[in-house]
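Labels below follow one simple rule: chain letters A, B, ... track the order of the sequence lines, proteins then strands, and each chain is numbered from 1.
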There are 2 protein chains.
Amino acid sequence: MNALHQCISQYHPISIAAWEALTKALTRVEVPKNSFLVKEGMVCNKLYFLERGCLRGYYNLDGKEVTYWFGFENNFITSFYSFISRKPGIENIQVLEDSTLWGISSEALHQLFDQHHDLERLVRIINEQYYIRLEERLMAMQFKTARERYEQLLETSPHILQRIPLGQIASYLGISQETLSRIRSQV
Amino acid sequence: MNALHQCISQYHPISIAAWEALTKALTRVEVPKNSFLVKEGMVCNKLYFLERGCLRGYYNLDGKEVTYWFGFENNFITSFYSFISRKPGIENIQVLEDSTLWGISSEALHQLFDQHHDLERLVRIINEQYYIRLEERLMAMQFKTARERYEQLLETSPHILQRIPLGQIASYLGISQETLSRIRSQV
DNA sequence: TCTTTCTTTTGACAATTGTCAAAAAAGGAA
DNA sequence: TTCCTTTTTTGACAATTGTCAAAAGAAAGA
């Protein structure tokens, strides 16, 4: 819970009242490795904060698993499209290591928004920061070679390489596992 | 102005008071074709609503212009990274057709947020919708071939093809102009 | 320890896409 | 119209990346 408070403060400090209301609405979730937090076809009604562990989001395309994000400590996690639109998504969220999360339902969050303006501001700000990250990823995907994307990942998130199988990283980078393996051997 | 009101209502209706405060803070901007709304190296301090015309965002990479978005009627326009972080960006926003915009400064917008909770909610919701769009684009970029991305663009935004030069569309799709030309001839 | 399973690497080849250069087509201005 | 500029297409070739199959290596369980 402390990790969440610290994480929030980096984005936008909130009032004590808002924090207390938030903590009351949060549920602690412990999930074991290889379980699923979200499965395709379901509505993801919860937003999570990942305190410990790691997850990945992927979907199935032509029989292949396509990874499009990883979540690590202090990340906010949800099946974004589904959570926002309240419709079933195509996304699976798989637990890659035993993890501890704090979850809040969409309804509870929106109630809190009504009561605590500063909480809604916090979420707006977090959204904006996540948008910027996504934009950077899109640019890399659009205009950089596989090797450049890999080297960028090495710089910004070296921890990914220690914790995630190569095939999933390759998928995340938008290349085949064989290509990534060859890139690594040619550094 | 009416177009903006209608556009806003589709995302989240706001109170009359909020709308009136917003309209007071807006400035009408007319920009001619080939002018620039934002140039790289400057802080983009304004958020715009595009009422009429069309724009593109691009940056320079190794001497090439890299287009990463187009804006059309009823789109919100800004150099997002710069606007949010209040730092200089690498982005240029070029006017592709004579355009009419409504602009608001970052300061004015944040003042409005303090006074009108529902306006901040509106922006949160718009941000979320734009996030989802970006996510879709990233997925296409990550896991679809050039041809598939082009066909997807044909379906979702056929108007782009009538209004934008091929080279810029190719850049937007992350492929060379020659490749796009060949894809088109082989449909 | 020895299996068994999962992950990573390597080889051979094919498909996709990029680059450079030139030609063709289209659009604007006088 | 004609000239000039911009945009689009085409050709030839190279570079990048993907696919399939097999081998090698690492990790996990009995």
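Not one side-chain nitrogen or oxygen of Arg182(B) sits closer than 4.0 Å to the OP1 or OP2 atom of dT17(C). Remark: Thr179(B) is not in phosphate contact with dT17(C), judged by side-chain N or O atoms under 4.0 Å from OP1 or OP2.
If you take CZ of Arg184(A) and C1' of dG25(D), they are 12 Å apart, rounded to a whole angstrom. Following rounding to the nearest Å, Met141(B) (CE) and dT17(C) (P) show an atom-to-atom distance of 12 Å. If you take CD1 of Ile183(B) and P of dG18(C), they are 8 Å apart, rounded to a whole angstrom. In this entry the distance linking NZ of Lys64(B) with P of dG18(C) reads 9 Å, nearest Å. Atom-to-atom, CZ of Arg163(A) to C1' of dT7(C) comes out at 19 Å; the value is rounded to the nearest Å. Atom CD in Gln142(B) sits about 12 Å away from atom P in dG18(D), given to the nearest Å. Atom-to-atom, CG of Leu96(B) to C1' of dG27(C) comes out at 17 Å; the value is rounded to the nearest Å. Distance Arg149(A) CZ to dT17(D) C1': 10 Å, rounded to the nearest Å.
To the nearest 0.5 Å, the span separating CG on Leu180(B) from CG on Leu161(B) amounts to 8.0 Å.
In the set dT7(C), dG18(D), dT9(C), the nucleotide with an atom closest to the side chain of Leu166(A) is dT9(C). Comparing dT9(D), dT9(C), dT19(C) by their nearest atom to the side chain of Ser181(A) picks out dT9(C). Ranking dT7(D), dT17(D), dG18(D) by closeness to the Thr145(A) side chain, first place goes to dT17(D).
Just one of Arg52(B), Arg163(B), Lys33(B) meets the side-chain hydrogen bond (donor to acceptor under 3.5 Å, both in side chains) condition when paired with Glu97(B); it is Arg163(B). The only option from Tyr59(A), Tyr81(A), Trp69(A), Tyr58(A) that meets the side-chain hydrogen bond (donor to acceptor under 3.5 Å, both in side chains) definition with Glu91(A) turns out to be Trp69(A).
Nearer the 5' end of DNA chain C, as judged by each residue's closest nucleotide, is the contact made by Glu178(B), out of Lys33(B) and Glu178(B). Projected onto DNA chain C by closest heavy-atom contact, Lys144(B) and Ile164(A) fall at different nucleotides, the more 5' of which corresponds to Ile164(A).
Remark: Arg147(B) is not positioned above the aromatic ring of Tyr150(B), lacking an NZ or CZ atom under 6.0 angstrom from the ring centre and at most 45 degrees off the axis.
Between Phe76(B) and Tyr48(B), the gap from one ring centroid to the other reaches at least 6.0 Å.
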